[in-house]
Amino acid sequence: MPELAEVERNRRVWSDGHSSKVREVFLRGEKRVFRGLDARRVPIELTGRVLRASESHGKQMMFCFGGQVFLGVHLGMTGSLRTESPDYRPERHDHIVLFQAKRALVFNDPRLFGRILFSVGEAPESWRDRAPAVLSAEFTTRYVGSHLKRRARSPLKAVLLDQAIFPGVGNWMADEILWRAELHPSRPAGGLTPEELRRIRKESRWVCREAIRRIADRGVDPPKSWLFPHRWSDGGICPRTGAALVREPIGGRTTCWSPGRQPIHFT
DNA sequence: GGAGATGTTTCAAG
DNA sequence: GCTTGAAACATCTC
């Protein structure tokens, strides 16, 4: 269940293990989540290290250990982090478990779309090269506009999902942003007026900030006044207009929008 | 049994 | 060389 705020919530679960040493590492190194790295190094480097700090950025998380050891986690579509007791026995879809004195930090991912990054000395390149956060000062209307221009012919929905532009925005957040900005998800990204561009930036930031407050800080789902609870199945009603919502694939993903509120008038 | 799922990467075509 | 769309990845749930 991992978009920006869910990712941050998962990070906070493992942050229980800050300042504690890793006594033992369990991992299923042959699994796809370790693609692109030599998984045998992971237990060798991590055993005996203290988890010093962690950070999330978009859909990525980085856990930093003593000795400049870095463990990155991407939850993919079905990944999750949780803690268990120190005598926990790893189960079927647990791919890495870090045992500490008072808990076990567990990464579970049935569908294996998630990914583990690992490096020693400095953080992995993809972490160092990440795009500006939606909530950062660099995320200006000018910045958004220049990136949308490059994707001029793609539907807005597809561009909102581009992690190099909107880090952390996933399928439901993209729908929420477009619904609030009153923009049809099929609109070509290059055809927005300056005013519409400002709305994209404003609502992107609002949805990211509020999602973190509710989901990461308080652990509750967005309320009925959002598109969120109405978008998951056919038959949903727009909480602003009272009209039927539409669900159709756009940009390769299930997309939900409110026709009266988000017209296709190509300006 | 079949379709679809809150994601990314890769590949081929335009 | 860049953009774009579709397929592939693997498993579970409805």
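These numbers come from the heavy atoms of this one structure, side chains and all, not from hydrogens, waters or symmetry mates. First the proteins, then the strands, lettered A, B, ... as listed; each starts at 1.
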Dot-bracket for DNA chain B, 5' to 3', counting Watson-Crick or G-U wobble pairs under 3.5 Å, with [ ] for crossing pairs and | for inter-strand pairs? .||||.||||||||
Between P on B:dT6 and CH2 on A:Trp226, what's the gap in Å once rounded to a whole number? 17 Å
The contact string for nucleotides 7-14 of chain C, one letter per nucleotide 5' to 3', using protein heavy atoms under 4.0 Å with B, S and - for base, sugar-phosphate only and none, comes out as --BBSS--
When the distance from CG of A:Asn171 to P of B:dA5 is rounded to whole Å, what number comes out? 8 Å
Is the CZ atom of A:Arg153 crowded by more than 12 outside heavy atoms at less than 6.0 Å? no
Ring geometry between A:Trp172 and A:Trp226 (parallel below 30°, tilted from 30 to 60°, perpendicular above 60°): tilted
Listed by chain and number, what are the salt bridge (charged side-chain N to carboxylate O under 4.0 Å, His left out) partners of A:Arg128, not counting sequence neighbours? A:Glu122
Could you list the residues that satisfy salt bridge (charged side-chain N to carboxylate O under 4.0 Å, His left out) with A:Arg49, not counting sequence neighbours? none
Check the surroundings of atom CZ in A:Arg40: do more than 12 heavy atoms from other residues, nucleotides or ligands lie under 6.0 Å from it? no
Identify every side-chain donor-acceptor pair in residues 241-250 of chain A under 3.5 Å, counting partners at least two apart or on other chains, and give the distances.
unit_1, atom_1, unit_2, atom_2, d
A:Thr241, OG1, A:Ala243, N, 3.1
A:Arg247, NE, A:Asp234, OD1, 2.8
A:Arg247, NH1, A:Arg231, O, 2.9
A:Arg247, NH1, A:Trp232, O, 3.1

Applying side chain to side chain donor-acceptor pair (under 3.5 Å) to A:Thr83 and not counting sequence neighbours gives none
Pick base, sugar-phosphate or nothing for A:Gly170, based on heavy-atom distances below 4.0 Å to the nucleic acid. sugar-phosphate
Can you check whether A:His74 has a side-chain N or O nearer than 4.0 Å to OP1 or OP2 of B:dG7? no
For A:Glu125, is the CD atom crowded, meaning more than 12 foreign heavy atoms sit under 6.0 Å from it? no
P-based separation of B:dT9 from C:dC12 [nearest Å]: 23 Å
According to ring pair (Phe, Tyr, Trp, His ring centres under 6.0 Å), who are the partners of A:His147, at least two apart in sequence or on a separate chain? A:Tyr143
P atoms of C:dA10 and B:dC11, separation to the nearest Å: 15 Å
Atom pairs, protein N/O to nucleotides 1-3 of chain C N/O, distance under 3.5 Å:
none

Euclidean distance for P, B:dT6 against C:dT4 (whole angstrom): 23 Å
Centroid separation A:Phe70 to A:Trp127 less than 6.0 Å: no
Can you sort out which residues in residues 156-168 of chain A have a heavy atom within less than 4.0 Å of DNA chain C? Ascending by number, please. none
Decide side chain to side chain contact (heavy atoms under 4.5 Å, CB included) for A:Arg103 and A:Asp16; before the verdict, give the C-alpha distance in whole Å, the side-chain angles of both, and the deciding distance to 0.1 Å. CA-CA 9 Å; A:Arg103 68 195 72 72; A:Asp16 284 356; 4.0 Å; yes
N-O pairing of A:Arg82 and A:Glu84 below 4.0 Å: yes
Could you check how far CD of A:Gln60 sits from C1' of B:dT6, rounded to whole Å? 16 Å
Could you tell me how far apart A:Ile250 (CD1) and B:dA5 (P) are, to the nearest whole angstrom? 13 Å
Less than 3.5 Å apart, which donor and acceptor atoms pair up between the side chains of residues 213-220 of chain A and the rest of the protein, not counting sequence neighbours?
unit_1, atom_1, unit_2, atom_2, d
A:Arg213, NH1, A:Glu210, OE2, 2.8
A:Asp217, OD1, A:Arg12, NH1, 2.7
A:Asp217, OD1, A:Arg12, NH2, 3.2

Find the distance A:Leu4:CG to B:dT6:C1' and express it as a whole number of Å. 12 Å
Just jot down the salt bridge (charged side-chain N to carboxylate O under 4.0 Å, His left out) partners of A:Arg151, sequence neighbours excluded, or say none. A:Asp162
Ring center gap for A:Phe118 and A:Phe34 short of 6.0 angstrom: no
Carboxylate-amine/guanidinium contact A:Glu8 A:Arg11, below 4.0 Å: yes
Give every pair of a protein N or O atom and an N or O atom of nucleotides 9-14 of chain B that lie under 3.5 Å apart, one pair per line with the distance.
none

